[in-house]
Each structure stands twice: as C-alpha cells, then as structure tokens.
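First the structure, in the form of structure tokens, and then the observations on it.
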Amino acid sequence: MRLGTSEIVLIIILALVIFGGGKVAGVGKALGQSIHDFKKSLKDDADDKKPETEGSEAVSKD
C-alpha cells in the first residue's frame, strides 16, 4: 500500500483540524529532538567502542 501526494496532504489537513497548528508543531519539534538525541547516542556508542591509543600501553616491570 503506497500513499500518494493527495493522501498525505489529506492526512496533514486532518491532523491540523483535529489537533490544531500549535499542537502539531509541538509534536514535530519533539519528534525532531528525539531523532537528534537518538543519532547522538549512536555516535557516542560508536566512539566508546574505539580503542584508545593514548595511555593504553601496558607498563612492564623488569
């Protein structure tokens, strides 16, 4: 099932009528912030898995 342009426009108009412009904008902002935080956490996890090159040398006692 594929949505065409007219169906997407109809869904957006219904959302605006039901929830109002302010509520829809708030939901969009919250969704954007959630996506941003998710991508940031993925990047942070990838950085944590990289081996550290500085200070990772073992000190041996002779």
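Since the structure is predicted, the reported quantities are computational estimates derived from the model, not experimental observations.
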Report all side-chain donor-acceptor pairs from residues 4-20 shorter than 3.5 Å, counting only partners two or more places apart or in another chain.
{"residue": "E7", "atom": "OE1", "partner": "G4", "partner atom": "N", "Å": "2.9"}

The remaining residues in the hydrophobic cluster of L42, counting side-chain heavy-atom contacts under 4.5 Å among Ile, Leu, Val, Met, Phe, Trp and Tyr, are F38
Please table the atom pairs, donor to acceptor, closer than 3.5 Å between any side-chain atom in residues 23-35 and protein atoms at least two apart or in another chain.
{"residue": "Q33", "atom": "NE2", "partner": "D37", "partner atom": "OD1", "Å": "3.2"}
{"residue": "S34", "atom": "OG", "partner": "A30", "partner atom": "O", "Å": "2.9"}

